Novice: 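Provided herewith is a single structure, encoded as structure tokens, for subsequent inquiry.
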Amino acid sequence: MRDLNEQQELRLEKSGRLRQNGIDPYPRRSRRTHATREVVDSLDDLAAAGQEVIVVGRLRARRDMGRTVFADIEDGTGRIQLLCRANTLGAEGLEFLKSDLDLGDIVEVRGVPMRTRTGEPSVDVREVRLLAKSLNPLPDKWHGLEDVETRYRQRYVDLMVNPEVRDVFLRRARIISEMRRYLDDRGFVEVETPVLQPIYGGAAARAFTTYHNALDQTLYLRIATELYLKRLLVGGIERVYEIGKDFRNEGTSTKHSPEFTMMELYQAYADYSDIMVLVENLVCTLAQQVNGSAQVRFRGQEIDLTPPWSRVPLRDAILQHTGVDYEAYPETESLAAAVREAGIETRPGATRAELIDELLDNTEPRLIQPVFLIDYPVELSPFAKRKPDNPSVTERFEFFIGGIEVGNAFTELNDPVDQDERFREQVAEREAGNEETSQYDEDYVNALMYGMPPTGGLGIGIDRLVMVLTDSPSIRDVILFPHMRARHRLVGQLSCS
RNA sequence: GGGCCGCUAGCUCAAUUGGCAGAGCAACUGACUCUUAAUCAGUGGGUUGGGGGUUCGAUUCCCUCGCGGCUCACCA
């Protein structure tokens with residue numbers, strides 16, 4: 001036996017001893033009759049009836065008074081106190097609890113609900129059974145687990161001892177299921193499109209590459225679901241959405257994860273202003289359903305999600321926050337000079353799109369209250385339809401809450417000739433060295449050539465939305481197992497002597 | 001990738017100018033029949049992230065590697 005510390009070794013020995021005495025430390029099943037919460041909620045009725053219950057849970061605390069031992073167990077619904085007395089549980093049962101069980105073990109107890117003198121809801125225990133032996137000691141009962149690296153790497157421990165972490169992930173699940181319900185109720189059809197794609201597109205990002213042996217084919221992990229979903233509109237599904245992972249081969253940050261969850265939806269016979277109404281109603285509804293309020297606190301700021309949200313042209317927002325009016329500089333060189341003059345560093349040789357992006361990056365942190373920035377330049381938006389009165393601008397918006405971009409939407413480009421040109425521009429840029437442009441997707445253009453209805457489309461970064469609605473400062477706090485560099489092994493051989 | 005910060009017992013954290021590596025919880029032994037961070041008495045537990053260097057002596061100073069956090073860059 002290697003790599004085990006003193007406490008682990010002791011617990012493993014106990015486990016072996018139990019086995020020798022004919023007690024399986026990992027028995028098949030439990031006879032649970034009540035969740036701890038059910039017992040607490042109807043305690044007085046159960047106590048009055050003197051009804052026996054069987055509850056289960058992880059042993060979280062033990063207070064040994066000699067002939068009386070108090071213990072707390074915790075299941076998925078909450079905690080309850082156990083009152084274990086020599087004259088009701090018996091000397092043998094009490095000794096089992098004191099000597100053979102450890103904090104962290106999963107146990108089953110049979111007993112009668114009651115209140116102690118201080119009024120604490122408890123179970124007067126008649127029988128204790130071990131359901132699963134815990135070999136690892138729990139973190140500090142008061143401080144819990146704080147080390148960020150361990151919390152991410154061993155999320156199971158984090159969830160075990162930090163209730164607020166569990167709450168975040170329960171709310172995340174709720175947000176997603178309520179979002180599904182909201183869309184289903186409005187006639188949207190949920191679909192699944194390929195994750196492995198021969199050509200990736202629909203966003204500006206580098207892809208992960210993989211390989212299909214049997215087909216002898218290079219495949220990419222999708223960076224967006226966009227182009228497949230819009231094929232479905234060509235096929236006649238008028239309202240469609242997908243919730244799933246996208247993958248982008250990029251660095252991480254508090255707002256970026258290489259794999260993240262995206263909801264994309266497309267609605268035929270709608271445009272981007274219809275989508276704005278949908279977004280503000282959806283997000284506000286989710287906040288009310290999950291948090292009970294349209295007001296959220298995020299990074300110390302009070303945010304009001306009540307519709308309508310303001311709609312501000314991108315140009316105006318950037319002008320207001322950086323002092324640069326990019327439309328006043330039609331040439332890349334003059335815009336670059338203006339950006340530099342505003343005190344923003346730029347990459348030498350940056351394209352116009354990159355410069356505007358840079359200006360937006362400097363604007364984004366100031367967008368605390370929910371806002372739609374509308375009307376993006378066409379060079380930033382290869383799949384968005386141009387505005388009728390100004391072909392250099394598209395009907396596109398991004399929305400921001402709490403200083404981060406949460407979603408992106410536009411009136412979809414359905415003109416195959418225009419789309420063909422945009423793809424060509426993207427390809428030209430790629431040849432000029434920009435790896436984050438879209439590949440030419442011939443089949444997609446072919447689909448458009450059959451005719452796609454006028455359509456409004458939307459993408460929402462689910463992780464970021466969850467960040468805002470749960471006041472989580474980092475995207476890693478809303479992803480159960482965030483990506484980490486590989487680490488050496490945790491346990492050695494667990495051979496039992 | 002750059003900059004800054006961090007890594008000490010199972011967990012949470014100390015350690016003066018470079019001078020015997022400590023505390024609380026957890027664990028172990030004992031006392032205690034209504035406690036709830038139970039209490040009281042006692043005991044064990046360390047490759048101070050790894051490697052190298054300076055020094056009589058390194059948790060402390062230097063170099064290097066690893067992992068993480070923040071931040072900038074990259075990137076929606």
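In this text the structure is predicted, and so the values were computed from the model without any measurement.
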Novice: In whole angstrom, give me the gap between the C1' atoms of G45(B) and G52(B).
Specialist: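 Between the two C1' atoms, the distance is 29 Å.
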Novice: With distance as the sole test, does Thr351(A) use its side chain to make a donor-acceptor pair with the main-chain N or O of Glu354(A) at under 3.5 Å?
Specialist: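 Yes, Thr351(A) side chain to Glu354(A) backbone: donor-acceptor pair under 3.5 Å.
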Novice: In the structure shown, which nucleotide is the Watson-Crick or G-U wobble counterpart of U59(B), with both distances under 3.5 Å?
Specialist: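 Answer to the pairing question: none, since U59(B) forms no Watson-Crick or G-U pair.
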Novice: Donor-acceptor pair under 3.5 Å: do we get one between Gln81(A)'s side chain and the base of U35(B)?
Specialist: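 Result: at least one qualifying N/O pair found.
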Novice: Under a 3.5 Å limit for both distances, which nucleotide forms a Watson-Crick or G-U wobble pair with U17(B), could you say?
Specialist: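 Here U17(B) is not engaged in any pair, so there is no nucleotide opposite it.
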Novice: Whom does U33(B) pair with, Watson-Crick or G-U wobble, provided both distances fall under 3.5 Å?
Specialist: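 U33(B) is unpaired by these criteria.
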Novice: Round to a whole Å and report the spacing from CE of Met65(A) to P of A37(B).
Specialist: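 Between P of A37(B) and CE of Met65(A): 13 Å.
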Novice: Do the side-chain N and O atoms of Gln81(A) and Arg63(A) include a donor-acceptor pair separated by under 3.5 angstrom?
Specialist: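 Short answer, yes.
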Novice: In Watson-Crick or G-U wobble terms, both distances under 3.5 Å, what is the partner of G1(B)?
Specialist: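 G1(B) is paired, partner C72(B).
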Novice: Is there a side-chain contact between Arg63(A) and the phosphate of U39(B), meaning an N or O under 4.0 Å from OP1 or OP2?
Specialist: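 Answer is no, no contact under 4.0 Å.
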Novice: Hey, does Pro377(A) have a side-chain heavy atom less than 4.5 Å from the side chain of Ile356(A)?
Specialist: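 Side chain of Ile356(A) against side chain of Pro377(A), heavy atoms only: contact under 4.5 Å found.
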Novice: Using a cut-off of strictly less than 4.0 Å, decide whether Arg117(A) has a side-chain nitrogen or oxygen near OP1 or OP2 of U35(B).
Specialist: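 The answer is no; no side-chain N or O of Arg117(A) sits under 4.0 Å from OP1 or OP2.
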Novice: From C-beta outward on Leu145(A), which listed nucleotide comes closest to its side chain: C34(B), C70(B), U12(B)?
Specialist: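 Ranking C34(B), C70(B), U12(B) by closest atom to the Leu145(A) side chain puts U12(B) first.
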Novice: I'd like to know whether CZ of Arg67(A) has more than 12 heavy-atom contacts from other residues, nucleotides or ligands below 6.0 angstrom.
Specialist: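 Atom CZ in Arg67(A) is not packed in, count stays at 12 or less.
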Novice: May I ask you to list the residues of residues 90-102 of chain A, by number, that have any heavy atom positioned under 4.0 Å from an atom of RNA chain B?
Specialist: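 Heavy-atom cutoff 4.0 Å gives no residues at all.
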Novice: Would you mind classifying the nucleic acid contact of Ala205(A) as base, sugar-phosphate or nothing, using non-hydrogen atoms under 4.0 angstrom?
Specialist: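 Ala205(A): backbone/sugar contact only, no base atoms under 4.0 Å.
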Novice: Picking from C70(B), A27(B), G68(B), which would you name as closest to the side chain of Arg485(A)?
Specialist: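 So the nucleotide nearest the side chain must be G68(B).
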Novice: Distance check needed: U36(B) P versus Leu59(A) CG, whole Å only.
Specialist: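 So the two atoms are 17 Å apart, to the nearest Å.
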Novice: What is the nucleic acid contact for Gly461(A), judged by heavy atoms within less than 4.0 Å: base, sugar-phosphate only, or nothing?
Specialist: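 Since no nucleic acid heavy atom lies under 4.0 Å of Gly461(A), the category is nothing.
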Novice: Roughly how many Å is it from NZ in Lys255(A) to P in C70(B), rounded to a whole number?
Specialist: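 About 13 Å, once rounded to whole Å.
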Novice: Between G53(B) and G57(B), how far apart are the C1' atoms? Round to whole Å, please.
Specialist: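 The answer is 15 Å between these two C1' atoms.
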Novice: Could you give the distance separating U54(B) and U60(B) at their C1' atoms, to the nearest angstrom?
Specialist: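 Between the two C1' atoms, the distance is 13 Å.
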Novice: Within a strict 4.5 Å, meaning less than it, do heavy atoms of the Phe400(A) and Val371(A) side chains meet?
Specialist: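 Yes - at least one pair of side-chain heavy atoms lies under 4.5 Å apart.
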Novice: Please report the distance separating the C1' of C62(B) from the corresponding atom of A58(B), rounded so that it comes out in whole Å.
Specialist: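 After rounding to an integer number of Å, I get 11 Å for this pair.
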Novice: Using a 4.0 Å heavy-atom cut-off, does Asp357(A) contact any base of the nucleic acid, only the sugar-phosphate backbone, or nothing at all?
Specialist: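 Base contact - Asp357(A) has a heavy atom under 4.0 Å of at least one base atom.
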Novice: Provide the distance between the two C1' atoms, one in A14(B) and one in G46(B), to the nearest whole Å.
Specialist: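 Per the computed distance, 15 Å lies between those C1' atoms.
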Novice: Does a donor on one side chain and an acceptor on the other come within less than 3.5 Å for Glu264(A) and Tyr266(A)?
Specialist: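 There is such a pair between these side chains.
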Novice: Could you tell me whether Asp375(A) and Lys387(A) have a side-chain N and a carboxylate O separated by less than 4.0 Å?
Specialist: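 A salt bridge is present here (some side-chain N lies under 4.0 Å from a carboxylate O).
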Novice: Below 3.5 Å, does any donor atom in the side chain of Thr116(A) face an acceptor in the base of U35(B), or the other way round?
Specialist: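 Yes, the side chain and the base share a sub-3.5 Å donor-acceptor pair.
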Novice: Could you tell me how far G24(B) sits from U39(B) if I compare only their C1' atoms? Round to whole Å.
Specialist: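 Comparing C1' positions in U39(B) and G24(B) gives a spacing of 15 Å.
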Novice: Do the charged groups of Glu74(A) and Arg79(A) touch, with an N to O distance under 4.0 Å?
Specialist: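 So Glu74(A) pairs with Arg79(A) through a salt bridge.
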Novice: Which listed nucleotide (C32(B), A73(B), G68(B)) is nearest to the side chain of Glu358(A)?
Specialist: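 That would be A73(B).
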Novice: What is the distance, rounded to the nearest whole Å, between atom CD of Gln8(A) and atom P of A9(B)?
Specialist: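 Gln8(A) atom CD is separated from A9(B) atom P by 14 Å.
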Novice: Would you please say whether a donor-acceptor pair under 3.5 Å links the side chains of Thr150(A) and Gln154(A)?
Specialist: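 Not at all, the side chains of Thr150(A) and Gln154(A) share no donor-acceptor pair under 3.5 Å.
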Novice: Does the side chain of Thr36(A) pick up a donor-acceptor pair with the side chain of Thr77(A) at under 3.5 Å?
Specialist: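 Short answer, yes.
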Novice: Quick one: which of A73(B), A27(B), U35(B) gets closest to the side chain of Phe70(A)?
Specialist: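 It is U35(B).
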Novice: Could you tell me whether Glu341(A) atom CD has more than 12 heavy atoms of other residues or ligands within 6.0 Å of it?
Specialist: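 Atom CD in Glu341(A) is not crowded, with 12 or fewer foreign heavy atoms closer than 6.0 Å.
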Novice: Would you check if there is a donor-acceptor pair between the side chains of Thr68(A) and Arg85(A) at a distance under 3.5 Å?
Specialist: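 Looking only at side-chain atoms, Thr68(A) and Arg85(A) do not form any donor-acceptor pair under 3.5 Å.
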Novice: Can you tell me the distance, in whole Å, between the CZ atom of Arg206(A) and the P atom of C75(B)?
Specialist: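 From Arg206(A) CZ to C75(B) P: 8 Å.
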Novice: Report yes or no: is there a donor-acceptor pair, N or O only, under 3.5 Å between the side chain of Thr118(A) and the base of U35(B)?
Specialist: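 Looking at the base of U35(B), it does pair with a donor or acceptor on the side chain of Thr118(A) (distance under 3.5 Å).
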Novice: Determine the Euclidean distance between corresponding C1' atoms of A15(B) and C20(B); express it in Å to zero decimal places.
Specialist: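 Pairwise C1' distance, C20(B) against A15(B), rounds to 13 Å.
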Novice: With sugar-phosphate meaning primed atoms plus P, OP1 and OP2, does Arg151(A) contact a base, only sugar-phosphate, or nothing at under 4.0 Å between heavy atoms?
Specialist: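 Nothing, no heavy atom under 4.0 Å.
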Novice: Whole Å only: how far is the CD atom of Glu146(A) from the C1' atom of G10(B)?
Specialist: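 Computing the Glu146(A):CD to G10(B):C1' distance gives 15 Å.
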Novice: Figure out the CD1/P separation between Ile344(A) and C74(B), and round it to whole Å.
Specialist: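 From Ile344(A) CD1 to C74(B) P: 12 Å.
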Novice: Just call it for Ser122(A): base, sugar-phosphate, or nothing, with non-hydrogen atoms closer than 4.0 Å on any strand.
Specialist: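 Here Ser122(A) touches no strand at all.
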Novice: Mapping Tyr152(A) and Gly66(A) onto RNA chain B by nearest heavy atom, which one lands closer to the 5' end?
Specialist: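 In this pair, the answer is Gly66(A).
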Novice: Could you tell me which nucleotide pairs with G6(B) by Watson-Crick or G-U wobble geometry, both distances under 3.5 Å, or answer none if nothing does?
Specialist: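 When the pairing criteria are applied, C67(B) turns out to be the nucleotide that pairs with G6(B).
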Novice: Consider only side-chain N and O atoms of Tyr444(A) and Lys230(A), and report whether a donor and an acceptor are under 3.5 Å apart.
Specialist: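 Per modelled atom types, Tyr444(A) and Lys230(A) side chains form a pair under 3.5 Å.
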Novice: Between the side chains of Tyr376(A) and Glu398(A), does any donor sit under 3.5 Å from an acceptor?
Specialist: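 Yes, because at least one side-chain N or O of Tyr376(A) sits under 3.5 Å from a partner of the opposite role on Glu398(A).
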Novice: Dump every N/O contact between nucleotides 44-46 of chain B and the protein below 3.5 Å, one line per pair.
Specialist:
unit_1	atom_1	unit_2	atom_2	d
G44(B)	N2	Glu6(A)	OE1	2.5

Novice: Is there a Watson-Crick or G-U wobble partner for G42(B) with both distances under 3.5 Å, and if so, which one is it?
Specialist: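 WC or wobble partner is C28(B).
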Novice: Can you tell me the Watson-Crick or wobble partner of A23(B), both distances under 3.5 angstrom?
Specialist: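 Base-paired to U12(B).
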Novice: When you compare G69(B) with C63(B), how far apart are their P atoms, in angstrom units rounded to a whole number?
Specialist: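 Comparing P positions in G69(B) and C63(B) gives a spacing of 24 Å.
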Novice: Taking Glu379(A) first and then Arg352(A), would you say they form a salt bridge - that is, a charged N and a carboxylate O separated by under 4.0 Å?
Specialist: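 Yes, charged N to carboxylate O under 4.0 Å.
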Novice: To the nearest Å, how far apart are Lys141(A) NZ and A27(B) C1'?
Specialist: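 To the nearest whole Å, that distance equals 12 Å.
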Novice: What contact category does Arg248(A) fall into here, base, sugar-phosphate, or nothing, at under 4.0 angstrom with non-hydrogen atoms?
Specialist: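 Contact class for Arg248(A): sugar-phosphate only.
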Novice: Any donor-acceptor pair under 3.5 Å between the side chain of His143(A) and the base of C11(B)?
Specialist: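 Per atom types, no contact qualifies.
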Novice: Closer than 4.0 Å, any side-chain N/O of Arg62(A) to the OP1 or OP2 of A27(B)?
Specialist: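 Checking A27(B) against Arg62(A), a side-chain N or O does come within under 4.0 Å of OP1 or OP2.
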Novice: Without hydrogens or angle criteria, can the side chains of Glu412(A) and Thr455(A) be said to hold a donor-acceptor pair below 3.5 Å?
Specialist: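 There is no such pair (donor and acceptor under 3.5 Å, judged by atom type) between the side chains of Glu412(A) and Thr455(A).
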Novice: Ignoring hydrogens and angles, are the base of C75(B) and the side chain of Asp361(A) linked by a donor-acceptor pair under 3.5 Å?
Specialist: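 Counting by modelled atom types and ignoring angles, a donor-acceptor contact under 3.5 Å is found here.
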Novice: For RNA chain B, find the residues of residues 398-412 of chain A with a heavy-atom distance under 4.0 Å and give them by number; none if there aren't any.
Specialist: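 Here the set is Glu398(A), Glu405(A).
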